[in-house]
Peer 1: 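This is the structure I want to talk about, given as structure tokens.
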There are 2 protein chains.
Amino acid sequence: MRPEQDEIEQRLSRFTGGLKSAGIKLTIQRLEVCREIASAGSHPDAESVFRGVRQRVPTISLDTVYRTLWTLVDRGLIDTLGVPHERTRFDGNTAPHHHFVCTRCGETTDFCCDAFDSLSVPEAVTPLGTVQKTQVEMRGICLRCAKAPASGDHQHATGHRPGRNQ
Amino acid sequence: MRPEQDEIEQRLSRFTGGLKSAGIKLTIQRLEVCREIASAGSHPDAESVFRGVRQRVPTISLDTVYRTLWTLVDRGLIDTLGVPHERTRFDGNTAPHHHFVCTRCGETTDFCCDAFDSLSVPEAVTPLGTVQKTQVEMRGICLRCAKAPASGDHQHATGHRPGRNQ
DNA sequence: CTACATGCAAAGGGTTTGCACGACA
DNA sequence: TGTCGTGCAAACCCTTTGCATGTAG
């Protein structure tokens, strides 16, 4: 599952380049957090990244790891699984449906699409396990956010997102 | 966004039926939590369900709402957005890829599928906003969990899931 | 040099749990 | 009447933040 060495280098330079071009100082801590996430084969949590980096930078603290990871997310250099900073949300809709997620405000909206309901399980998945449910997630900017004043973020009336923007 | 009255009734009876057939008493609190989640048009968090139910059952407590919602999830009667009980996980893989999520242990595994990379944006989505990224999530049981002894759950070596399995 | 980043520790906030009381079968 | 469910409050745990110190550019 680990990426090739080549791929790691490529990601790493993308990360460091992205940070530098944003005027963010490339400290040893940030560099090593970047290296760790660039070479991760799965989807580590902050604690896991912390443990990895600490082997090379024993003095790093967990909150610096968090800060660096969120900086990378904010710059669009890495992603999170699920919606960032989201508390648990429940979905009572058992009919097949899919989700549109606004990456700015976090609002998740259902939509239906017959074509997506009947996606066949690709070969790559059969060795992983048995599929019971398939859902398509489309991420982008919702209409409301697109219209909203360029700068800061806004919150939907339904009250999402503690908001970590910038 | 609210479901039709008809649809609500249908969901509600599915929920209550599922609980009863599992030998779970249908108290007024549980009934009203079921009603609330059945009639929700979006994806409420526990707090939001709590506020709704409290209008009808003023004495209900937040933790009863949580307990009931998780009971429904455990019975497969409702879902959560994202992986239940999951802390924030970061994904350094910026190349297009998709996820297989094991609903038992929570493990999220990447897979590639060219067909999924090029899914076109359906009409239903255009009025919602602009799509920047599309990801398919397939949920099911991973090979390891399928093989594991029927009863209790196990945790992957990578250390997922606090584990709430009935 | 000077602004920015780090580490520490404490606060914060959502979620879960232990326990005694209350309610339904 | 016994068992199961509820409410309360405290515990938990991940995550964030304020502040003094350290450091990259």
Side-chain angles (χ1 to χ4, degrees), chain A residues 15-16 19-34 36 43-51 53-54 56-75 80-90 106 155 159-166, chain B residues 16 19-34 43-51 53-54 56-75 80-90 106 155 159-166:
Chain A
F15 297 163
T16 57
L19 292 183
K20 271 188 284 195
S21 72
I24 293 173
K25 289 178 188 170
L26 192 58
T27 62
I28 188 68
Q29 290 91 337
R30 295 216 251 244
L31 174 63
E32 292 304 329
V33 169
C34 286
E36 192 68 24
H43 314 99
D45 56 20
E47 182 76 31
S48 167
V49 173
F50 176 55
R51 282 195 304 269
V53 173
R54 200 165 41 171
R56 276 165 277 135
V57 187
T59 63
I60 198 173
S61 66
L62 178 59
D63 54 87
T64 295
V65 172
Y66 271 110
R67 282 190 274 233
T68 304
L69 288 172
W70 285 120
T71 301
L72 291 169
V73 172
D74 290 343
R75 295 292 172 289
T80 59
L81 300 193
V83 179
H85 300 98
E86 186 68 308
R87 67 201 67 169
T88 308
R89 289 183 174 277
F90 300 86
Q155 323 244 130
H160 287 150
R161 319 311 324 302
R164 138 162 328 247
N165 289 42
Q166 182 49 236
Chain B
T16 57
L19 292 182
K20 271 189 282 194
S21 72
I24 293 173
K25 289 178 189 168
L26 192 58
T27 62
I28 188 68
Q29 289 91 337
R30 288 192 178 140
L31 174 64
E32 292 303 330
V33 169
C34 286
H43 313 100
D45 57 20
E47 182 76 31
S48 166
V49 173
F50 176 54
R51 281 196 303 271
V53 173
R54 200 165 41 172
R56 276 164 278 134
V57 187
T59 63
I60 197 172
S61 66
L62 179 57
D63 54 86
T64 295
V65 172
Y66 271 109
R67 282 190 274 233
T68 305
L69 288 172
W70 286 121
T71 302
L72 291 169
V73 172
D74 291 343
R75 295 290 172 291
T80 59
L81 300 192
V83 179
H85 301 97
E86 187 67 309
R87 67 201 66 173
T88 308
R89 289 183 175 276
F90 300 87
Q155 323 243 129
H160 286 151
R161 319 310 327 300
R164 137 160 329 246
N165 290 44
Q166 184 36 235

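Here is how names work: the chains are called A, B, and so on, in the same order as the sequence lines, proteins then strands, and each is numbered from 1.
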Peer 1: Working note: B/T71 + B/T68, criterion side chain to side chain donor-acceptor pair (under 3.5 Å); need CA distance, chi angles, decisive distance, verdict.
Peer 2: CA-CA 5 Å; B/T71 302; B/T68 305; 5.7 Å; no
Peer 1: Is there side-chain contact between A/R30 and A/I24, with heavy atoms separated by less than 4.5 Å?
Peer 2: yes
Peer 1: Counting C-beta onward and ignoring hydrogens, is there a side-chain heavy-atom pair between B/T59 and B/V57 closer than 4.5 Å?
Peer 2: yes
Peer 1: Could you state the atom-to-atom distance from CZ of A/R30 to P of C/dC4 in whole Å?
Peer 2: 11 Å
Peer 1: Within the pair A/T88 and C/dG14, is there a side-chain N or O less than 4.0 Å away from OP1 or OP2?
Peer 2: no
Peer 1: Kindly say whether, by distance alone, the side chain of A/D45 makes a donor-acceptor pair under 3.5 Å with the base of D/dC14?
Peer 2: no
Peer 1: Quick check: do B/V65 and B/I60 have side-chain heavy atoms less than 4.5 Å from each other?
Peer 2: yes
Peer 1: When you get a sec, tell me which of C/dT15, D/dC14, D/dG7 is the closest nucleotide to the side chain of B/Q29?
Peer 2: D/dG7
Peer 1: Nearest to the side chain of B/T59, which nucleotide is it out of C/dG7, C/dT15, D/dG7?
Peer 2: D/dG7
Peer 1: Out of D/dG5, C/dT16, D/dC14, which has the shortest distance to the side chain of B/R87?
Peer 2: D/dC14
Peer 1: Using atom CG of B/L62 as one end and atom C1' of C/dG14 as the other, report the distance to the nearest whole Å.
Peer 2: 9 Å
Peer 1: The side chain of A/I60 is closest to which nucleotide in this list: D/dC8, D/dG5, C/dG7?
Peer 2: C/dG7
Peer 1: In terms of ring plane angle, is the pair B/W70 and A/F90 parallel, tilted or perpendicular, where the classes change at 30° and 60°?
Peer 2: perpendicular
Peer 1: Any side-chain N or O of A/R67 less than 4.0 Å from the OP1 or OP2 oxygen of C/dT6?
Peer 2: no
Peer 1: Verify the contact: side-chain N or O of B/T64 to OP1 or OP2 of D/dG7, cut-off strictly under 4.0 Å; return yes or no.
Peer 2: yes
Peer 1: Could you state the atom-to-atom distance from CG of B/L19 to C1' of D/dC4 in whole Å?
Peer 2: 14 Å
Peer 1: Contact between A/C34 and A/L72 at the side-chain level, heavy atoms closer than 4.5 Å - yes or no?
Peer 2: yes
Peer 1: Rounded to the Å, how far apart are A/F50 CZ and D/dT15 P?
Peer 2: 13 Å
Peer 1: Can you check each nucleotide of nucleotides 20-25 of chain D against protein heavy atoms at under 4.0 Å and return B for base, S for sugar-phosphate only, - for none, in 5' to 3' order?
Peer 2: ----BS
Peer 1: Measure from the side-chain heavy atoms of A/W70 and tell me the nearest of C/dG7, D/dG7, D/dT16.
Peer 2: D/dT16
Peer 1: Using atom OH of A/Y66 as one end and atom P of C/dT6 as the other, report the distance to the nearest whole Å.
Peer 2: 16 Å
Peer 1: Using a cut-off of strictly less than 4.0 Å, decide whether B/H85 has a side-chain nitrogen or oxygen near OP1 or OP2 of C/dT16.
Peer 2: yes
Peer 1: Please identify each residue that fulfils salt bridge (charged side-chain N to carboxylate O under 4.0 Å, His left out) with A/R54, with sequence neighbours left out.
Peer 2: none
Peer 1: Would you mind telling me which of C/dA9, C/dT17, D/dG5 lies closest to the side-chain atoms of A/D63?
Peer 2: C/dA9
Peer 1: Tell me: CG of A/L31 to C1' of C/dT6, nearest whole Å?
Peer 2: 15 Å
Peer 1: Contact between A/R89 and B/T80 at the side-chain level, heavy atoms closer than 4.5 Å - yes or no?
Peer 2: no
Peer 1: Without decimals, in angstroms, what is the distance between B/E86 CD and D/dC13 P?
Peer 2: 16 Å
Peer 1: Rounded off to whole Å, could you give me the CD-to-C1' distance for the A/E47 and D/dC12 pair?
Peer 2: 15 Å
